[in-house]
Structures are given as C-alpha cells and as structure tokens.
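Working notes for the structure below.
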Amino acid sequence: MSEQKEEMEEVEVIHSWSAPRSLSTCLMYSFAQRDDMEVLDEPLYAFFLRTTGIDRPYKEELLSEMESDGNKIVKEVIFGPGRKKYRFCKHIAKERLYGLPNDLMKKGKHFILIRNPIDILPSFDKVVPPTFLELGLADLVSIYNELCELGRAPTVIDAADLKRDPEATLRGLCDDLEIPFQDAMLKWEAGPKPVDGIWAPWWYKSVHKSTGFQQSKKYPVPFPFSLYELLEQSLPLYNSLRRHVKQNSSPIKSSLPPPDLPVPANEKLLAWVGDEILPRESAKVSVFDSVVQGGDSVWEGLRVYSGKIFKLDEHLDRLFDSAKALAFINVPTREEVKEAIFTTLIRNGMFDNAHIRLSLTRGKKVTSGMSPAFNLYGCTLIVLPEWKPPVYDNTHGITLVTATTRRNSPNNLDSKIHHNNLLNNILAKSSGMVQIEGNNANADDAIMLDKDGYVSETNATNIFLVKKGHILTPHADYCLPGITRATVMDLVVKEQLVLVERRISLSEFHTADEVWTTGTMGELTPVVKIDGRIIGTGQVGPVTLRVQNAYKKLTEESGVPIPTYHRT
C-alpha cells in the first residue's frame with residue numbers, strides 16, 4: 001500500500017486548447033514521448049456529447065467508457081493524482097461548456113494551438129460537416145480572453161510553425177511552460193497509440209501514419225469554395241489569435257523583431273476604413289483598392305489642438321479639389337467626411353496633440369487594372385488618427401541635405417493635386433539618405449530642386465528663408481501649396497514683415513540668415529544646417545521665433561470644435 005501511495009502523487013497539469021484538425025493529436029503524441037508526462041485525449045468529450053446531445057458514430061461506446069460528469073472529470077480525471085510529474089490534457093475548445101468547475105481554467109498551465117482555417121477546412125468534412133460552431137475558433141478566442149482576465153495570458157503557437165520548425169517551436173513552448181525540452185518529443189512510432197480516444201478510427205487515420213511533425217507540402221490542395229463564407233467568418237478570429245504568436249508563421253518570413261512604436265499609446269487605436277471603425281491591426285483596405293493598385297488616392301494631414309481641428313475646412317477644400325482634379329466619382333459628401341473624422345476622434349478620445357492622416361481613394365475595383373472604369377464601388381475613406389507630437393525638433397532646429405531627385409514638373413504631375421503617389425518624395429528622401437551616409441552626417445529631410453535647379457520644397461514640407469529682414473518662399477509651381485504654408489504667409493503679413501514669393505536658388509538658402517519649414521505634421525520647424533553649411537548663427541533666429549509664436553497663438557484660438565468635447 002505504501003508503495004502504491006508513493007506512486008500516485010499530485011501532478012502539474014498542462015492544458016492544450018485547439019480547434020479540430022489543428023495538429024493537436026500530433027502534439028499530444030509529442031508530449032507522450034516524454035519520460036515525465038502522462039497524456040489525456042479530450043477528457044471533456046463525453047461531457048460535451050452528453051450535454052449537447054450531438055450525435056457521433058461512436059457516441060454510445062464513448063459514453064459507456066468515459067466519465068461524462070463535468071465535476072468528476074475536472075476534479076478526478078484532469079486534476080486527480082498521477083504517476084508522472086506532469087499531465088498533458090488535449091482539449092478541443094468547443095468542448096468547454098458552461099457548468100464546468102472554475103478550477104479548469106484557474107489551475108494548471110494553459111496554451112493555445114491555432115491553425116489557419118484555410119488549411120483546416122479542406123479536410124474537415126471527413127467525419128462531420130464543417131460549421132462555424134464545429135470549427136470552434138470563437139471558443140478559442142473566448143478561452144484566450146478568459147485566461148487573460150484571470151492574469152494567466154496563455155502562450156499561443158501556430159501549427160504552421162510546428163510543421164516548419166518543430167524543434168524551435170517546441171523548445172519555445174517548453175520554455176513558456178517552464179518545463180525542460182526533451183529530444184524525444186520530435187518523433188514517435190507510427191500506428192494507433194494506447195493514449196488514443198475511442199474516436200481515433202474515425203479521426204486519426206492520417207496522423208497514425210506520421211512519425212513526427214511533417215513539413216507541409218510545397219503547394220496546398222485547392223480550397224473548396226463552397227466553404228468560402230465559413231472561411232470569411234473564421235479567418236478574423238484566427239488572425240486575432242495569431243497576433244499573439246511569438247514566432248512568425250508566414251511563408252514569406254521576416255527576421256525582423258517587432259519594432260517599438262514612436263508613441264507606444266498608438267498600439268491601441270481605432271481607424272475609420274470605408275464605412276466602419278476598426279482596431280489598428282484590422283484596419284486594412286482591399287487588395288483591389290486603387291490605393292494598392294496604383295497609389296490612386298488623395299490625402300490630407302490634420303492636427304487637433306485643445307478639442308479643435310485646425311484649418312479643417314481648408315484641408316477639406318483641397319481634398320475635394322484634388323479628388324475632382326483626378327475625376328473621382330461617387331465621392332462622399334463633405335458632411336459625411338466630417339462626421340467620420342469627428343466620430344473617429346471621439347471614439348479614440350483624441351482631443352489634443354493628435355494628428356489625422358485623412359485619405360480618399362478612388363475605391364475598390366471589380367478586377368485589377370489601371371482603368372477607373374473598374375471602380376464601381378465608390379470611393380474609400382480612411383481616417384487614421386494617432387497621438388503625434390510635432391515630428392521635428394522645433395526648439396533646436398533640424399538639418400537638411402539636397403537630394404539628387406528632382407521635384408515633379410506640372411508637365412508630369414501637378415503638385416497642386418495632393419495625391420498619395422509619393423514616390424517622387426520618397427526617392428528624394430532616399431537619395432538624401434545616401435548622401436548622408438557618404439558624408440557621415442546627420443540630416444532630417446531632403447531639399448528638392450525643380451527641373452531648372454531652383455529650390456522647390458523638401459520631401460515632406462514647404463520651405464522659407466529670411467535674408468536681411470525679408471522672408472522668401474518658392475513659388476508653388478513645383479511644390480505643394482501647403483495649408484500651413486498659406487497660414488504662415490498670412491501670419492508674416494500680419495506681423496508686418498516683408499514677404500516675397502519667387503524662384504530661389506540653393507545658394508540663397510545656404511547663405512540665408514534663417515530658414516524654416518512648414519507642414520501640418522511638423523508645424524513650423526527651424527533649419528540650422530543645409531548641406532553642411534551652418535545657417536545664420538546655427539541657432540533658431542528671432543524672426544523664426546516670432547512667427548512660431550504667432551502660429552502657436554493661432555492654433556490655440558482657431559479651429560473647428562469636435563462635438564461633445566468639453567475642456568476641463
């Protein structure tokens with residue numbers, strides 16, 4: 001008797017939660033190879049069948065041989081004493097029904113195994129017809145959320161990773177479970193196993209042929225499009241869990257670690273896309289959208305100050321002018337755009353120190369191609385809000401370098417159309433960065449010249465200089481006639497300073513007393529060095545400070561109020 005008592009001891013339970021056809025049985029076999037592990041194959045299955053009344057070919061045999069009382073299963077089967085240090089319980093998510101003891105979730109260590117439904121569904125109907133409930137992904141999401149609420153966020157692994165690199169995935173899982181990895185987990189004997197459930201002859205025929213985690217075939221089987229709607233319903237649930245996988249299971253795999261966000265609070269935000277508000281990771285446009293097909297879109301940048309949107313109407317004027325110049329049709333009304341902006345800001349609680357990237361695409365196409373005749377769905381509106389302080393150092397100033405890429409001529413693409421096709425500007429920034437590396441310098445943006453060699457703007461902003469008390473800025477022939485540019489020009493006049501708009505050579509900027517740039521995202525930014533030349537004294541100049549202060553005052557006093565905002 002004493003020897004028997006010594007053999008039976010309290011075990012540490014490891015719960016595996018998954019949907020059917022997710023490699024869960026292979027994973028059970030893997031853990032069964034360990035010398036410190038006993039395994040249970042779906043201990044909740046009899047309780048599930050008895051409670052739901054669902055029929056299965058093996059139901060009577062299963063109910064006669066397995067415990068079906070939920071309380072007894074949890075207390076005696078799952079958490080009862082054992083002869084090994086650990087007990088691995090393979091659970092199918094849909095089998096966790098209401099009425100089971102709370103200990104099921106509160107005790108033991110839990111992890112979730114997921115698999116892309118596009119890989120599950122083609123083979124699902126070998127035993128039962130596939131349905132949303134049978135697939136059980138909603139149950140998996142509920143399990144994940146409940147464990148998080150209990151302060152026990154589970155590890156999530158993807159079956160694709162188990163197939164692609166089983167050792168690395170299993171080592172990572174063992175680390176998270178705080179158990180040592182064993183090499184024996186990587187292979188097992190083919191054929192039925194003593195740990196198999198009664199249902200094995202119906203479900204495990206293919207897995208019985210396996211001796212380990214087999215690599216996926218290079219090319220998949222065709223997807224049964226009769227299940228297309230089920231895929232549409234289930235894929236977002238899979239993706240919501242996949243975001244918590246440490247290892248990227250994409251076939252086109254990036255080795256880059258997840259980057260830090262400039263403003264961590266933007267990790268959780270809501271964006272408007274089309275006609276709905278979506279969380280950050282779900283805020284996507286169709287692959288058929290014109291902005292994807294050819295950068296066919298117009299945009300504006302908006303800033304929010306103390307519950308008001310600065311220069312909203314001026315920005316909307318330019319947005320609709322740009323859309324008209326590009327012959328967009330089925331454009332949302334001005335009021336609809338405003339309501340989308342207000343709603344998005346209110347939902348995010350963004351009433352100050354925020355920036356909006358407002359885009360209007362030509363819309364989704366019925367088939368890929370350049371022709372606007374394919375755009376039959378109407379325009380796509382995107383409202384992307386972010387917590388975003390000014391993006392440049394407006395206190396100490398920035399450094400510029402001249403790009404080799406020239407600004408587009410109106411002969412090619414009129415800069416007065418505020419379009420999303422920004423390759424010209426991106427190439428200028430890139431060529432500027434190449435020069436930066438060659439000169440071992442440090443620059444923030446690149447100056448762009450027009451086809452005749454005169455300064456146009458930077459890759460992201462308009463530009464001004466001060467010389468002997470006069471303020472100069474290039475004509476808006478080759479540059480965007482920015483809203484902030486126009487605002488600053490008005491302020492210069494109101495400050496009774498001399499404003500000149502003309503062609504300006506690069507050397508004039510090199511020898512200026514002061515230089516600044518303007519843009520919604522950066523506001524009014526001093527420039528202290530261009531192409532290695534110190535501008536003026538190398539400090540922010542008095543005229544720059546004067547106009548900065550006037551601009552700041554204007555942002556405090558004007559703007560379109562956000563409905564429901566009350567200043568505290």
Side-chain angles (χ1 to χ4, degrees), residues 14-34 37 39 88 90-93 109-124 126 135-137 140-141 144 153-190 193 203-224 231 234-259 281:
I14 295 171
H15 303 274
S16 166
W17 297 97
S18 65
R21 317 298 289 177
S22 296
L23 244 64
S24 57
T25 305
C26 280
L27 193 58
M28 180 181 72
Y29 290 170
S30 171
F31 274 83
Q33 307 313 304
R34 297 176 61 99
M37 189 79 59
V39 302
F88 179 93
K90 169 194 157 189
H91 300 300
I92 300 300
K109 296 178 178 179
H110 299 256
F111 74 90
I112 290 176
L113 170 66
I114 60 172
R115 192 181 185 192
N116 195 323
I118 202 170
D119 296 319
I120 295 176
L121 290 171
S123 65
F124 196 95
K126 290 182 178 179
L135 202 55
L137 278 167
L140 270 184
V141 173
Y144 180 87
T155 296
V156 181
I157 62 171
D158 196 309
D161 290 325
L162 276 173
K163 283 176 167 287
R164 187 170 294 108
D165 193 344
E167 182 172 347
T169 306
L170 288 172
R171 283 185 180 275
L173 177 59
C174 287
D175 285 345
D176 290 339
L177 295 173
E178 298 178 318
I179 63 174
F181 169 76
Q182 293 185 6
D183 289 329
M185 299 174 72
L186 295 172
K187 56 185 178 180
W188 50 85
E189 296 291 329
K193 312 288 188 294
W203 287 96
Y204 294 178
K205 290 179 182 178
S206 61
V207 75
H208 282 163
K209 298 175 184 178
S210 71
T211 58
F213 295 100
Q214 299 172 344
Q215 281 271 10
S216 298
K217 294 179 181 179
K218 184 175 182 180
Y219 298 110
V221 298
F223 184 79
L231 178 65
S234 56
L235 199 55
L237 297 171
Y238 163 76
N239 286 330
S240 73
L241 290 169
R242 185 172 178 265
R243 286 199 289 271
H244 303 289
V245 176
K246 290 182 180 178
Q247 187 172 344
N248 181 4
S249 57
S250 169
I252 305 174
K253 195 170 181 179
S254 171
S255 59
L256 298 175
E281 293 302 320

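Met185 contributes atom CE, which lies 5.0 Å from atom CZ of Arg34 (distance to the nearest 0.5 angstrom). Atom NZ of Lys109 is separated from atom CD1 of Ile179 by 7.5 Å, given to the nearest 0.5 angstrom. Here the CZ-NE2 distance, from Phe88 to His15, works out to 11.0 Å after rounding to the nearest 0.5 Å. A distance of 8.0 Å separates CG of Leu186 from CZ of Arg171, quoted to the nearest 0.5 Å. For the atom pair CG of Leu137 and CG of Leu237, the computed distance is 6.0 Å after rounding to the nearest 0.5 Å. The NZ atom of Lys163 sits 5.5 Å away from atom CZ of Arg115, with the distance rounded to the nearest 0.5 Å.
At distances below 3.5 Å, at least one donor-acceptor pair connects side-chain atoms of Ser22 with backbone N or O atoms of Pro20. Checked by atom type and distance alone, the side chain of Thr211 never pairs as donor or acceptor with a backbone atom of Ala190 at under 3.5 Å. In terms of modelled atom types and a separation under 3.5 Å, the side chain of Thr169 and the main chain of Asp161 share a donor-acceptor contact. Using a distance-only test at 3.5 Å, with no hydrogens or angles considered, no donor-acceptor pair links the side chain of Arg21 to the main chain of Leu135.
Residues passing the ring-ring contact (aromatic ring centres under 6.0 Å, His included) test with Phe223, sequence neighbours excluded: Phe225. Residues satisfying the side chain to side chain contact (heavy atoms under 4.5 Å, CB included) test with Thr25, not counting sequence neighbours, are Met28, Tyr29, Lys90, Tyr204, Val207.
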Task: Full working for side-chain contact (heavy atoms from CB on, under 4.5 Å) between Trp17 and His91 - done: CA-CA 5 Å; Trp17 297 97; His91 300 300; 3.3 Å; yes
Open item on the list: Evaluate Val156 against Ile114 for side-chain contact (heavy atoms from CB on, under 4.5 Å), listing each step before the verdict.
Closed with: CA-CA 7 Å; Val156 181; Ile114 60 172; 4.0 Å; yes
Task: Intermediate values then yes/no, side-chain contact (heavy atoms from CB on, under 4.5 Å), Asn116 and Leu235 - done: CA-CA 7 Å; Asn116 195 323; Leu235 199 55; 3.3 Å; yes
Open item on the list: Quick one, Phe111 with Ile14, criterion side-chain contact (heavy atoms from CB on, under 4.5 Å). Give me CA distance, side-chain angles, the key distance, then yes/no.
Closed with: CA-CA 8 Å; Phe111 74 90; Ile14 295 171; 3.9 Å; yes
Open item on the list: Between Phe31 and Trp188, is the ring pair (Phe, Tyr, Trp, His ring centres under 6.0 Å) condition met? List the steps.
Closed with: CA-CA 10 Å; Phe31 274 83; Trp188 50 85; over 10 Å; no
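Taking the side chain as every heavy atom from C-beta outward, Ile157 and Asp176 never approach each other to under 4.5 Å. Side-chain contact between Ile92 and Ser18: present, with at least one pair of heavy atoms (C-beta onward) separated by less than 4.5 Å.
Summarising the geometry of Arg164 relative to Gln215, their closest heavy-atom pair is O-NE2, 3.3 Å, with the distance given to 0.1 Å.
Considering Asp158, Asp119, Ile118, Leu140 as possible partners of Tyr238, the one that fulfils the side-chain contact (heavy atoms from CB on, under 4.5 Å) test is Asp158.
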